[in-house]
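What follows is a short report on a single structure.
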Amino acid sequence: MSSISENLNRVRDKIAKAGGDGRVKLLAVSKTFSVDAIKEAVDAGQLCFGENYAQEACAKVDWFASHYPSLPIEWHFIGALQSNKTRSVAERFDWIESLSRVKIAQRLNDQRPPEKGPVNVLVEVNIDDEESKSGVSVSDLKDFLRSISSLPLLRIRGLMCVPKAQANDEEKKATFAQMRKLYQSCIDEGYPFDTLSMGMSADYELAIREGSNLVRVGSAIFGARDYSKK
Ligand SMILES: *Cc1c(COP(=O)(O)O)cnc(C)c1O
């Protein structure tokens, strides 16, 4: 089994080979993995981490804040967010990549401690129009953006998507290209976007070639996840 630092180097190499060197941010998705695993990645130079489950995520952020208060870790929340968890996330996270409901946006804005400044936000787009999936539909996106754009403690930085799990490379390529267009059309309308989050362990190189500048990579760095231990 290879170590987390070897895995990180391999992923960084592949990002560079896909043309993402210096342009693409690597988010290490650490859900279900321990603070020790995260620390190993930190020691290998990784400072951006993504988490999905509010309770688990907040415990990890707090652990690092008390054990390594001077480490400049950037925490991204990338999971489904229920209204009863918005406060704990608004208080701790630097980025929320999975925003798709106006009510949640309002709560995050109201609960963000003003002294921390606005929280960075990406709007999750249900790009393949899957019934079971969260995210704003393509047809609702512009209305959604208008309804959250005046909230002072949210800084909307761009879009995020998770394509259909069973899609093949060709389908994913089309999906990523469609996201890229949608992202560009928002910029053309005046939204000051700079972040397009797409690509996971199985498809981050493809996503980079289609214009992603933030990839969310979990298992290729930390290994297979064991949900039974959660
Ligand atoms: C778990 C997760 C990832 C990482 O998935 P891997 O396939 O392990 O790289 C990325 N994005 C989101 C939204 C996730 O939930």
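As a basis for the values below, the full set of heavy atoms in this structure was taken, side chains included, without hydrogen atoms, waters or symmetry mates. Along the sequence shown, the residues carry numbers beginning at 1.
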Open item on the list: For Ser66 versus Pro69, what's the shortest heavy-atom pair and its separation?
Closed with: O-CD, 3.9 Å
Task: SB check Asp143 Arg146 (cutoff 4.0 Å) - done: yes
Task: Leu26 reachable from Ile208 in the ILVMFWY side-chain graph, under 4.5 Å edges - done: yes
Task: Any donor-acceptor pair under 3.5 Å from Asp203 side chain to Met200 backbone - done: yes
TODO: Report the residues that fulfil ring-ring contact (aromatic ring centres under 6.0 Å, His included) with Phe93, sequence neighbours left out, ordered by chain and then residue number.
DONE: Phe77
Task: Backbone N/O of Lys133 and side chain of Glu131: donor-acceptor pair under 3.5 Å - done: no
TODO: Measure the shortest side-chain to side-chain distance between Ile156 and Tyr191 over non-hydrogen atoms and say whether it is less than 4.5 angstrom.
DONE: no
Open item on the list: Distance alone, cut at 3.5 Å: any donor-acceptor contact between the side chains of Ser34 and Lys39?
Closed with: no
Task: Leu122 side chain reached by Ile78 side chain, heavy atoms, under 4.5 Å - done: no
Open item on the list: Less than 4.5 Å apart, side chain to side chain, heavy atoms only: is that true for Ser83 and Ile104?
Closed with: yes
Task: Test item: Trp75 and Phe64 side chains (from C-beta on) under 4.5 Å apart, heavy atoms - done: yes
- [ ] Determine, stepwise, if the pair Asp188 / Gln184 fulfils side chain to side chain donor-acceptor pair (under 3.5 Å).
- [x] CA-CA 6 Å; Asp188 293 344; Gln184 187 59 48; 3.0 Å; yes
Task: pair Arg216-Met160: side-chain heavy atoms closer than 4.5 Å - done: yes
Task: Presence of salt bridge, Glu6 and Arg10, under 4.0 angstrom - done: no
Open item on the list: Assigning hydrophobic clusters by single linkage (Ile, Leu, Val, Met, Phe, Trp, Tyr; side-chain heavy-atom cutoff under 4.5 Å), is Leu214 placed with Phe176?
Closed with: no
Task: Euclidean distance, Lys181 NZ relative to Cys186 SG, rounded to 0.5 Å - done: 14.0 Å
TODO: Look up atom CG in Leu206 and atom NZ in Lys173, then write down how far apart they are to the nearest 0.5 Å.
DONE: 7.5 Å
Open item on the list: Measuring from atom CG of Asn120 to atom CZ of Arg157, what distance do you get when rounded to the nearest 0.5 angstrom?
Closed with: 4.5 Å
Open item on the list: Ile15 vs Val11, test: side chain to side chain contact (heavy atoms under 4.5 Å, CB included). Steps then yes/no.
Closed with: CA-CA 6 Å; Ile15 290 174; Val11 171; 3.9 Å; yes
- [ ] Could you grab the distance from atom CD of Glu40 to atom CD1 of Ile4, nearest 0.5 Å is fine?
- [x] 4.0 Å
- [ ] Check the pair Ser185, Lys142 against side chain to side chain donor-acceptor pair (under 3.5 Å), reporting the backbone distance first and the verdict last.
- [x] CA-CA 10 Å; Ser185 81; Lys142 300 291 166 67; 3.1 Å; yes
Open item on the list: When you compare the side chain of Pro118 with that of Leu154, does any pair of heavy atoms fall below 4.5 Å?
Closed with: no
Task: Separation between SG of Cys161 and CG of Leu159, rounded to the nearest 0.5 Å - done: 8.5 Å
Open item on the list: Counting C-beta onward and ignoring hydrogens, is there a side-chain heavy-atom pair between Asn109 and Val119 closer than 4.5 Å?
Closed with: no
Task: Linked, directly or transitively: Ile96 and Val162 (ILVMFWY side chains, under 4.5 Å) - done: no
Task: Sidechain-backbone polar pair: Ser201 side chain, Val217 backbone, donor-acceptor under 3.5 Å - done: no
Open item on the list: Tell me if a side-chain donor or acceptor on Glu91 pairs with a main-chain N or O of Ser88 at a distance below 3.5 Å.
Closed with: no
Open item on the list: Taking Ser197's backbone N and O only, do any of them form a donor-acceptor pair with Ser212's side chain (distance below 3.5 Å, no angle check)?
Closed with: no
TODO: For the pair Glu124 (side chain) and Gly135 (backbone), establish whether a donor and an acceptor sit closer than 3.5 Å, ignoring hydrogens and angles.
DONE: no
Task: Heavy-atom pair of closest approach, residues Val215 and Met198 - done: CG1-O, 3.5 Å
TODO: Begin with the C-alpha distance, continue with both residues' side-chain angles, and end with the deciding distance and a verdict on side chain to side chain contact (heavy atoms under 4.5 Å, CB included) for Phe222 and Asn7.
DONE: CA-CA 8 Å; Phe222 293 107; Asn7 291 344; over 6 Å; no
- [ ] Answer yes or no: does atom CD of Gln166 have more than 12 heavy-atom neighbours from other residues, nucleotides or ligands under 6.0 Å?
- [x] yes
Task: Other residues, nucleotides, ligands: >12 heavy atoms within 6.0 Å of Arg12 CZ - done: yes
TODO: Report yes or no: do Ile73 and Val29 belong to one cluster of Ile/Leu/Val/Met/Phe/Trp/Tyr joined by side chain heavy-atom distances under 4.5 Å?
DONE: no
Task: Donor on one side chain, acceptor on other, Asn213 and Arg23, under 3.5 Å - done: no
Open item on the list: Could you check whether any side-chain N or O of Arg112 sits under 3.5 Å from a backbone N or O of Leu153, counting only pairs where one atom can act as donor and the other as acceptor?
Closed with: no
Task: Residue pair Ser30 / Glu51, side-chain donor-acceptor N/O under 3.5 Å - done: yes
Open item on the list: I need the minimum non-hydrogen distance between Arg180 and Leu196, along with the two atoms involved.
Closed with: CA-CD2, 3.9 Å
TODO: Evaluate the side chain to side chain donor-acceptor pair (under 3.5 Å) criterion for residues Thr175 and Asp128: first the C-alpha distance (whole Å), next the side-chain angles of each, then the deciding distance (0.1 Å), finally the verdict.
DONE: CA-CA 7 Å; Thr175 295; Asp128 288 322; 3.0 Å; yes
TODO: Test salt bridge (charged side-chain N to carboxylate O under 4.0 Å, His left out) on Lys172 and Glu210 and set out the steps.
DONE: CA-CA 10 Å; Lys172 277 185 189 166; Glu210 295 304 320; over 6 Å; no
Open item on the list: Under 6.0 Å from the ring centre and within 45 degrees of the ring axis: does the NZ or CZ of Lys14 meet both conditions for the six-membered ring of Tyr204?
Closed with: no
Open item on the list: Please tell me whether Leu81 and Phe49 are part of a single hydrophobic cluster in this structure, the criterion being side-chain heavy atoms less than 4.5 Å apart.
Closed with: yes
TODO: Could you walk me through whether Val136 and Leu145 pass side chain to side chain contact (heavy atoms under 4.5 Å, CB included), step by step?
DONE: CA-CA 10 Å; Val136 179; Leu145 287 172; over 6 Å; no
Open item on the list: With heavy-atom distances below 4.5 Å as the criterion, would you say the side chains of Glu130 and Lys164 are in contact?
Closed with: yes
Open item on the list: Using a 6.0 Å cut-off, check whether atom NZ of Lys116 has over 12 heavy atoms from anything other than its own residue.
Closed with: yes
Task: Minimum heavy-atom distance Val89-Cys58, with the two atoms named - done: N-SG, 4.4 Å
Task: Between Ser137 and Asp129, a side-chain donor and acceptor under 3.5 Å - done: no
Task: N/O donor-acceptor pair under 3.5 Å between Glu74 side chain and Asp94 backbone - done: no
TODO: Nearest 0.5 Å please: distance from the CZ atom of Arg155 over to the CG atom of Asp194.
DONE: 6.0 Å
Task: Trp95 and His76 aromatic ring geometry - parallel, tilted or perpendicular at 30°/60° bounds - done: parallel
